[in-house]
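Notes for the one structure printed next.
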Amino acid sequence: MTHLTIGTAGHVDHGKSALVEALTGVHPDRLKEEMDRGMTIDLGFTFLRMSDGREVPIVDVPGHERFLKTMVAGVSGIHLVLFVVAADEGVMPQTVEHLGTVKYMGVGEGIVVLTKCDLVDEEWLMLVEEDVNSLVSGSFLESAPVVRVSSIEGTGIDRLKDTIEAKLNGIAVDGDAGYFRMPIDRVFSMKGFGTVIAGTVLSGSLESDGDTELVPARTPLRVRGMQSHSDSINRAVKGQRVALNVSNIKTSDIQRGDELGTPGYLIPTSMIDAQLQCLESLQEPLKNRQRVRLHKGTSETIGRLILLDRDDLDPGETGYVQLRLESPIVAERNERFIIRGFSSMRLLGGGRFVEVYPQKNRRFRQTVLDYLEAVTDAEPDVLVERVMRNAYGDQRLKSMQDLVRSTNLSGDVLQRSVTRLEEEGVLVRFQDRLLLHNQWYTALKDELVVTLEKMHRDQRLKDMLPKDAPKLQLSWEAPDTVYDALLKDLDGESRIVLSGRSIRLSTHAVTLTGQEKRIIEAFEGLAEANPPAVFSMNEIIQVMEDQSIVPGDLPVDLKSSQAMIRSMAAYALEQGIFVEFAERQIMHHQGLKGVRDNLVRYLKDHGTVRASEFRGHMGISRADATALLDYFCDLGVTNRESGTHRLAEENSDDGGQEKDRG
């Protein structure tokens, strides 16, 4: 009971503030305008002392329709509502709206308080009670106790206190596990202290010297001190009303509707999927794309209402909607909200958030509706599995911190679910500890195989492809850890073959046509060319023509014929038939071996050779001679000495055997 909160609700001028004063001895109205006008226009706070000495905060909310958004801010976080109806007026319009508001905001316990009972007789009181019973029928107040009071005369106040205490004793208090959240309902400056933020802790806890974050602005804040009911405290916990002294921020940079939260936990969003019930007492249905005011916590945001599963949402009906907001907010799954008319300001309905970070959903899409239905009230394992399966693009790969934000589950609960789903093979974990649903991992493996099939078709003469080439063509760019795992698994399944930094499908093999085979055979004619045939890829056609070895059955079309020869030259280069011994300088590997053997014999006879001498000896250009000598030097066949080349010692007795084919 220590950290429970009481709130009032009811029509304007039905005696809520007077009731709070009768219960506590303190009038909650603190603004001069409120005192002058005799009505609450902002939230009022005071404390009710219980019989055991503990004090419970009471939030007094305004009843006038113009201040309904302030009333919603007060209702957020209360555990017990004093639902006030004046005996002399009975049920009024804001009585109905306030009932809808506290119901939609998730208040589960309440007491019906009939005020101003000294102004009416018993017969009238009985009629008012009947009206109230009819109003609350089917709601959480249906079986609530009804207490008659007169705040002026003090009649019934003691009985109401006893009833409140009994009710509070029956409310179970959840622990303060989870992530810290505190909607802000007051911000002010104190001389000598600076900025002070006040609110009721919605979840989690915060240490007096802890770090927190102002959202949705995502401004880091440092807490310098905290108080609860004028007493300094070291730790604020769930349900506790606190004032926090924070540093490095002005009051003008904070407003009601902002929140404090665990740094990095709450990410602003401008779209939210929700389950919405249209208020039963409305005279007309809610329309698709209707402009509304969204209220949750202490915030008010304007947005559009997108009906996902119908054209109209009739009074009393519940459906799935997407709220597209004009400014970002922060929220969690299952958080309660209400909507009001944009112009009328009247209550339209309320519900709870189902998906906080959705895509821009199309209406009537069954997969979207199935997902929303599956995650509504889902058990942790089901929620985690569906969130991971419903993710899109690179958001499919999630860290545990990503999952915390996506599911709003506590760390311990989430870890247990993830462990179970990993053991069942539903989730795949990678070396960097990121997680992916097995459905997407399997699909990515299949996509990689299909991509390789296409690449093999497009490059049919390539036996192997660069290992990372398919990665760039996948539907989303997988990180290296995921891609490496894909390749390892596909290799283990014998669907691909990995060789160093190359890759191919296990079923792939290069098959040459008859024409292509004859071109390869023609290339062999360059092996014994004298002088040695040195050429570039662009010169291969001319070289073959000069050597009179161009096959006679090539396509008649000149461009097709030349393209085929170039294509086969590239294939021959990849297969090692041709060797690129210098940039854009190519020889047949047997011809290159012949040059090497000739060089070795020459050096054995002459000791050294210069490029000019080698040029004359081989009958080739000086540039080709220089490039070939550099090539054989790099291979270790020769050593370079002051512009000359000498046979390397280890090759002096090799009998001319080729050391490296290139």
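All heavy atoms count here, side chains included; hydrogens, waters and symmetry mates do not. Just so it is clear, the model here is predicted, and its values are computed rather than measured.
Looking only at side-chain heavy atoms (C-beta outward), Glu335 and Arg181 come within less than 4.5 Å of each other. Side-chain contact between Arg346 and Pro93 is present, with heavy atoms from C-beta onward closer than 4.5 Å.
To the nearest 0.5 Å, the span separating CD on Glu300 from CD1 on Ile338 amounts to 9.5 Å. Between Asp211 atom CG and Leu221 atom CG the span is 9.0 Å, to the nearest 0.5 Å. Ile306 contributes atom CD1, which lies 11.0 Å from atom CD of Gln290 (distance to the nearest 0.5 angstrom). Expressed to the nearest 0.5 Å, how far CG of Leu403 lies from CG of Asn408 amounts to 11.0 Å. Interatomic distance, CG of Leu444 versus NE2 of His437, reported as 14.0 Å (0.5 Å rounding). Rounding to the nearest 0.5 angstrom, the gap separating the CG atom in Leu206 from the CD atom in Gln240 is 10.5 Å.
Across every non-hydrogen atom of Arg310 and Thr318, the tightest pair is NH2-O, 3.1 Å. Nearest heavy atoms, Val354 versus Leu372: CG1-O, 3.8 Å. Closest non-hydrogen pair, Asp309 versus Gly319, comes out as OD2-CA, 3.7 Å. When all heavy atoms of Met226 and Ser208 are compared, the closest pair comes out as CE-CA, 3.4 Å. Of all heavy-atom pairs spanning Leu99 and Ser139, the tightest one is CD1-OG, 4.3 Å.
No side-chain donor-acceptor contact under 3.5 Å links Arg224 and Ser247. Donor-acceptor pairing under 3.5 Å is recorded for the side chains of Thr419 and Gln415. Looking only at atom types and distance, the side chain of Tyr371 has no donor-acceptor partner in the side chain of Asp273 under 3.5 Å away. Thr367 and Asp370 form no side-chain donor-acceptor contact under 3.5 Å, judged by distance and modelled atom types alone.
The pair Glu385-Arg389 meets the salt-bridge criterion, since a charged nitrogen lies less than 4.0 angstrom from a carboxylate oxygen. Checked for salt-bridge contact, Arg291 and Glu326 meet the test: a charged N lies under 4.0 Å from a carboxylate O. A salt bridge between Glu259 and Lys296 is present, with a side-chain N of the basic residue lying under 4.0 Å from a carboxylate O of the acidic one.
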Show your reasoning for whether side-chain hydrogen bond (donor to acceptor under 3.5 Å, both in side chains) applies to Glu332 and Tyr265. CA-CA 10 Å; Glu332 290 182 298; Tyr265 175 56; 2.3 Å; yes

Can you check side chain to side chain contact (heavy atoms under 4.5 Å, CB included) on Leu214 and Val246, steps first, answer last? CA-CA 11 Å; Leu214 179 71; Val246 296; over 6 Å; no

Verify side-chain hydrogen bond (donor to acceptor under 3.5 Å, both in side chains) between Thr376 and Gln275, making sure each step is shown before the conclusion. CA-CA 8 Å; Thr376 302; Gln275 189 179 55; 4.8 Å; no

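Checking each of Asp258, Leu266, Thr262 against Val215 for a side chain to side chain contact (heavy atoms under 4.5 Å, CB included) leaves exactly one that passes, namely Leu266.
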